[in-house]
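Heads up: the structure comes next, in structure tokens.
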There are 2 protein chains.
Amino acid sequence: MVGKRALSRQSLPEIIANDLRERILSGEMAEGEAIRQEALAEEYDVSRMPVREALKRLNAEGLIQWANNRGGSVTKHSLDEIGEIFDLRILIEVDLFRRAIPLMTPAHFAECDAILEQMEESYDRDDVARWGILNHEYHSALYSSVGRSLTKELLDRINVQSERYVRMHLSVMKQREPAKQEHRQLLDCARAGQTEEACALLSAHIERTKDQLLQMVAAKRATGDGA
Amino acid sequence: MVGKRALSRQSLPEIIANDLRERILSGEMAEGEAIRQEALAEEYDVSRMPVREALKRLNAEGLIQWANNRGGSVTKHSLDEIGEIFDLRILIEVDLFRRAIPLMTPAHFAECDAILEQMEESYDRDDVARWGILNHEYHSALYSSVGRSLTKELLDRINVQSERYVRMHLSVMKQREPAKQEHRQLLDCARAGQTEEACALLSAHIERTKDQLLQMVAAKRATGDGA
DNA sequence: TAATAGGTAATTGTATCCAAAATTCACCGC
DNA sequence: GCGGTGAATTTTGGATACAATTACCTATTA
């Protein structure tokens, strides 16, 4: 993301977009839920204008869909599309990882190690929210040795989509041990300079997440809502 | 003032965004050029509101950069970033092509053939504008057998970026014969079911375009760097 | 003479207001 | 009783007016 640390001077659309994004990602705003500008404006106690800009932004991010004069709704992905999102993650993350490994220094490995430790700590406390954040941080840290800012920006956009489903996943995920081990192996392979092995592990890691998650979403949709 | 064309069913921001996008892609708005909302609003004879929405959209597409209260400017990519754009194209297009080839039917091949013929015709007439459009159509046709709508959407966004530079490229490109042959070979391999060979060709094809183009942009920036 | 501070002008961001489009409900006709 | 058409309400889209922030220019002081 663009690093504007002065968040005191954040514009209203920015603030609202961030909050709405969080509400969508957390599932507070359900898939397919209709969005009315005025209701949101009243809720945030601002005019409809900054709300409109925030909605436009989220629309560009793909989190909500907008019809011309017909209002908007929270984007709902089909199972195929959810799978596609994870295939894109595999494609781009593995490419980044392959470029990153030869450039990794002890400092990079140390950073990954530090995050891993915090992750394992959050396992034990069953702090899924923190685990999700750290998971994202860890994956980013794996690629920090390589520049590729445009690619990372693209990946961030895709990750916003995937995060919606990963979060559902985390909250009901039983077996976190495999992921834990995979994260360690990934780093070990990278440290040993075994680029292709590490990439294969990363690919399998995301693939496994995808499979588990698709199963879960499918089950949820079959029982839960009729849509 | 300005002739209001078919704005009937299209929203104003949409129209303005499309026009601005075209102006940026065509080079009419140069890299790094500052953008003032009011000037554009006056030019299009509308208020600043739809202009702002259009600018927001282009910002999300990465064509312009926006600072908080500081105005915006047309995005200027470094040589590395331009290379990155083409690397992303390779990554995504090859993945799409690999998935598409096994699904291609005679109808798909016929469509590609038809576009190829028009392309070769436009070679002879030296119609670079038409060639550019057909080039994009051809690449899309290669992947038409596969669904993957989200991936295609992503690719379209990347292609918008690359098109800025491809257009410069086309207008000064001397040797179009290699591209011509490569396009044929690509299709022949795909028809023969030689998936990996076809993907390798596609990768090399885009890679060659990237190399030529980087050379050209580097030369252009070295001479007239003042802009 | 140069640097800093203050003021002014320009540009962006937000709010309120008005118009246009769409959906829904009711009434009329079949 | 059912279907279609029209009007009214709801909701979005666009314009104008106003506030806030920023940058530039000028003046004053060291």
Side-chain angles (χ1 to χ4, degrees), chain A residues 1-21 23-24 29-30 32-75 227, chain B residues 1-21 23-24 29-30 32-76:
Chain A
M1 296 297 179
V2 187
K4 284 261 176 184
R5 290 288 79 94
L7 38 88
S8 51
R9 299 285 156 72
Q10 244 179 341
S11 66
L12 270 175
E14 189 89 19
I15 298 170
I16 296 171
N18 287 339
D19 194 73
L20 283 176
R21 187 184 302 112
R23 289 170 71 176
I24 293 174
M29 300 184 94
E33 184 172 326
I35 292 173
R36 279 176 300 279
Q37 297 177 357
E38 199 173 24
L40 287 174
E42 198 171 326
E43 192 169 342
Y44 287 105
D45 196 37
V46 294
S47 80
R48 270 171 40 222
M49 192 80 34
V51 172
R52 279 172 58 181
E53 302 231 359
L55 292 177
K56 277 272 189 279
R57 191 170 309 198
L58 294 179
N59 180 37
E61 290 178 16
L63 284 177
I64 66 174
Q65 290 173 324
W66 205 254
N68 229 348
N69 275 345
R70 226 162 292 172
S73 60
V74 180
T75 302
Chain B
M1 301 292 184
V2 186
K4 301 203 175 181
R5 292 172 280 279
L7 49 80
S8 20
R9 294 294 165 185
Q10 233 176 350
S11 70
L12 269 176
E14 188 90 20
I15 298 169
I16 295 171
N18 287 340
D19 194 71
L20 283 176
R21 188 184 300 112
R23 288 170 70 177
I24 293 174
M29 299 183 95
E33 185 174 324
I35 292 173
R36 281 175 299 278
Q37 297 178 355
E38 198 173 25
L40 287 174
E42 198 172 325
E43 193 170 342
Y44 286 106
D45 196 38
V46 294
S47 82
R48 272 171 35 223
M49 193 83 30
V51 172
R52 285 179 52 179
E53 302 229 358
L55 291 177
K56 276 266 188 298
R57 191 168 310 196
L58 294 179
N59 181 37
E61 290 179 16
L63 285 178
I64 68 175
Q65 290 173 325
W66 206 254
N68 229 349
N69 276 343
R70 227 161 296 174
S73 60
V74 180
T75 302
K76 176 169 186 171

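Letters A, B, ... mirror the listed sequences (proteins, then strands); counts begin at 1.
Side-chain proximity of A:Asn69 to C:dA21, D:dA23, C:dT14: nearest is C:dA21.
Remark: A:Arg23 engages A:Glu28, A:Glu43 in a salt bridge (charged side-chain N to carboxylate O under 4.0 Å, His left out) (not counting sequence neighbours). Residues forming a side chain to side chain donor-acceptor pair (under 3.5 Å) with A:Asn18 (at least two apart in sequence, or on another chain): A:Arg21. For the side chain to side chain donor-acceptor pair (under 3.5 Å) test, residues two or more places apart in sequence or in another chain that qualify with A:Asp19 are A:Tyr44. Partners of B:Glu33 under the side chain to side chain donor-acceptor pair (under 3.5 Å) rule, at least two apart in sequence or in another chain, do not exist in this structure. Residues meeting the salt bridge (charged side-chain N to carboxylate O under 4.0 Å, His left out) test with B:Arg48, sequence neighbours left out: none. Under the salt bridge (charged side-chain N to carboxylate O under 4.0 Å, His left out) criterion, B:Glu53 pairs with A:Arg52, A:Lys56, not counting sequence neighbours. Residues satisfying the salt bridge (charged side-chain N to carboxylate O under 4.0 Å, His left out) criterion with A:Glu38, sequence neighbours excluded, are absent altogether.
Formation of a donor-acceptor pair under 3.5 Å by the B:Thr75 side chain with backbone atoms of B:Ile64 is found in this model.
Note that CZ of B:Arg57 is 11.0 Å distant from CG of B:Leu55, once rounded to the nearest 0.5 Å. Put simply, CG on A:Leu20 and CG on A:Leu40 are 5.5 Å apart, with the number rounded to the nearest 0.5 Å. To the nearest 0.5 Å, the span separating CD1 on A:Ile35 from CE on A:Met29 amounts to 5.0 Å.
For DNA chain C, the residues of residues 48-60 of chain A within the heavy-atom distance limit of 4.0 Å (strictly under) are A:Met49, A:Pro50, sorted by number. In the region residues 32-40 of chain B, proximity to DNA chain D at under 4.0 angstrom, judged on heavy atoms, holds for none of the residues.
Within the structure, a side-chain polar atom (N or O) of A:Trp66 is placed less than 4.0 Å from OP1 or OP2 of D:dG13. In this model, the phosphate group of C:dA21 is not approached by any side-chain N or O of A:Arg70 to a distance below 4.0 Å at OP1 or OP2.
Between B:Ile16 atom CD1 and D:dG13 atom C1' the separation is 12 Å, expressed in whole Å. Spacing between atom CD of B:Glu42 and atom C1' of D:dA15 amounts to 15 Å, rounded to whole angstrom units.
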Expected rows: protein N/O vs nucleotides 7-9 of chain D N/O, under 3.5 Å:
none

